[in-house]
Structures are given as C-alpha cells and as structure tokens.
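All chains are named by letter (A, B, ...) in the order of the sequence lines, taking the proteins before the strands, and each is independently numbered beginning at 1.
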2 protein chains.
Amino acid sequence: MDNTGTERTTELPLLEDCMITRQILDRVGDKWSMLIVVNLGAGQLRFKELQRRSSGISQRMLTQTLRHLERDGMVWRKATPTVPLTVEYGLTTLGLSLLGPLQTLVDWVDSNRGEIVEARSSYDGQQENIQG
Amino acid sequence: MDNTGTERTTELPLLEDCMITRQILDRVGDKWSMLIVVNLGAGQLRFKELQRRSSGISQRMLTQTLRHLERDGMVWRKATPTVPLTVEYGLTTLGLSLLGPLQTLVDWVDSNRGEIVEARSSYDGQQENIQG
DNA sequence: CCGAATCCACCGGGATACTG
DNA sequence: CAGTATCCCGGTGGATTCGG
C-alpha cells in the first residue's frame, strides 16, 4: 500500500470500540434527554410543569425519557400520594455534573450556528446547479 | 408559593425554543456523526479506511453521514478520478473546532461510566422486586 | 474502490383513550 | 395530575444490487 504522507498515528483514546460509552452517548444524545436535563437544571419541577417547558414533547415521551434518566442515575423522582398525585423531578449530583459538558456543546452550536447555516445554503445551492 | 430552598431562578439561555439549535444538535448527536468526526480528527482518510475504523457502520450510513457533515461544513471531500476512484475525507476548520466540545462530553461519559452502570443495575434490581 | 438505488424490517414517537 | 396501554405512521438503517 502506498503512503500518501498524510498518515497520522495520533491516538485519541475515544469511543472507537467501547459499547457502553456508545450506549451512554446514545442516551445523552437522544431526542429529548438534553432538553429535559437542561430544563431540570434550573431546579426541580413537577411533571406537568416540566412538560410545559419542554415544548412539543408528548407525555409518553416525557415519561419514557424521565425513566431512562432515572435509571441512569441522572434524575431523582419523588412521588407524594396526595390527591391528586404530586410528583417532583430533579437532577442528582450526577445529572448536575452533566450540565457543564452539555453547555459546552450547546455553546459551540450557538457560536457556530451562522457558519453552519451558511455552509448548508451554499451546499444546497451547488446541488441545484448539478441537478438543475 | 412556598420556598423549599431548592428553587433556582438561574437562567441558562439554552435550546428551549430555538429550532435551529435543535436541528444542529440532532445532527451532531445522531447515530454516527460523532464517531465519524472523531475518527477524522486523527487525519484525513479514504472512504474504505474510514468505514473500517467506524466499526459497524454500513456504507450507506457512512455515505449519508458524510454528506450531512459535508453539507454542514464540517467535512470536506476530495475525489481524485484515478482508476479505481480515490476519495479522501477530512475535517474542515469548523469540524476541527467541534472536536473539543465533543471530547468534553466523551470525557464526562468516561469519568462517570462506572457510576452510571452502577445506577442502572441498582435501578433494575429494584424493578425486579416490584414486579417479582 | 466509491457510492447510488432499491427493498424491507424495525422502532421511535405522536395521538388517543383509559386507570389510580 | 401522573401515568399506562394501544394503535399506527414515518424515518432509520441494514442487506443487497447496480453503476462509474
């Protein structure tokens, strides 16, 4: 095999082969988790209130997402058997510690949104020319 | 309203209502993008080599993911009309700038993997008791 | 070797209706 | 209010086949 000179042996010790990392990132990156974690970042909330703040989420998905986050130890749940039922959700220490990295990503998107949007329309324009 | 002491009025100026941010995060967080960006982080690669390093990805998904990343301005593509065809992929400046935030997230997962796995089995154990 | 196209199975997730 | 259960549609993504 020829060597084009661009070979780099840099070792970024990353996801590559680790399934669990992958699973966790899948969870973190799924459609609603980030939104929920962020919304709970400002303080504990009741189910309905949380749903109201997470525009567009169905109660089915909210329940499911909360269960997953609870299972992963990021969210706690406290049910009080009043009538009608009262359930509060909040972030655990683990969940809180995720806010930072999440924020980093969101900040990056925020800073680069313009460039991305521009790249997209530029790309789409070229496609038109090709397929005109 | 009673003050339970955990109320926080912190304003995290986040995704909440912004669709575009959401779109971009969806892209960044989709099943393969992160893996591809990370793999290209070590240097440009040819299609086949990239596929080999991204264990499990089908060529269909690799093509699709690369197109998306190219459209978003994160990846460049250079086709050389040799026989057989040679196509190289690499990260643009924008793509490279994403490595940092991505790394932050991956590092977080790495540091907290143990705790999450533990939380999961603990949670699953309790479910067994309930449903016996 | 690179990739487009087709076919198809699976499941994420919305709408709705029903329990406690 | 806080879920659970059911139905069902569209998108995701794998396998395979074809073209350049």
Between N or O atoms, less than 3.5 Å apart, protein on one side and nucleotides 17-20 of chain C on the other: list the pairs.
residue	atom	partner	partner atom	Å
C:dA17	N6	A:Gln59	NE2	3.3

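One can place CG of B:Leu62 at 17 Å from C1' of C:dA5, the figure rounded to the nearest angstrom. The distance from atom NZ of A:Lys31 to atom P of C:dC11 is 18 Å, rounded to the nearest whole Å. Atom P of nucleotide C:dG13 and atom NE2 of A:His68 are separated by 10 Å, given to the nearest angstrom. Rounded to an integer number of Å, the gap from CG of A:Asp30 to P of C:dG14 is 11 Å. Rounded to whole angstrom, the span from the CG atom of A:Leu35 across to the C1' atom of C:dG13 amounts to 15 Å. Put simply, CD1 on B:Ile57 is 14 Å from C1' on C:dC2, counting in whole angstrom units. When rounded to the nearest whole Å, the span between CD of B:Glu70 and C1' of C:dG3 equals 13 Å. A:Ile36 places its CD1 atom 12 Å from the P atom of C:dG13, with the value rounded to the nearest Å.
Residue A:Glu118 qualifies as open at atom CD: its count of foreign heavy atoms under 6.0 Å is 12 or below.
Toward the 5' end of DNA chain C, the nearer of the two residues B:Ala79 and B:Arg60, judged by each one's closest nucleotide, is B:Ala79.
Boundaries of the chain A contact region on DNA chain D are D:dC1 to D:dT6, first to last in 5' to 3' order (nucleotide atom under 4.0 Å from a heavy atom).
Scored by the side chain to side chain donor-acceptor pair (under 3.5 Å) test, B:Thr82 finds B:Thr86 as partners (sequence neighbours excluded).
We find the NE2-CG distance between A:His68 and A:Asp30 to be 8.0 Å, quoted to the nearest 0.5 Å.
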(request) Apply side chain to side chain contact (heavy atoms under 4.5 Å, CB included) to the pair A:Asp72 and A:Leu94, showing each step before the final yes or no. (result) CA-CA 9 Å; A:Asp72 288 351; A:Leu94 185 60; 6.0 Å; no

(request) Give the intermediate values and the outcome of side chain to side chain contact (heavy atoms under 4.5 Å, CB included) for residues B:Met61 and B:Lys31. (result) CA-CA 9 Å; B:Met61 279 304 105; B:Lys31 195 174 180 186; over 6 Å; no

(request) Please assess A:Leu66 against A:Phe47 for the test side chain to side chain contact (heavy atoms under 4.5 Å, CB included), listing each intermediate value before the final yes or no. (result) CA-CA 10 Å; A:Leu66 284 169; A:Phe47 186 90; 4.1 Å; yes

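The backbone N or O of A:Leu91 sits less than 3.5 Å from a side-chain atom of A:Trp76, completing a donor-acceptor pair. The backbone N or O of A:Ser97 lies less than 3.5 Å from a partner atom in the side chain of B:Trp108, making a donor-acceptor pair.
When side chains are defined from C-beta on, B:Arg67 counts as touching B:Arg77, because their heavy atoms get closer than 4.5 Å.
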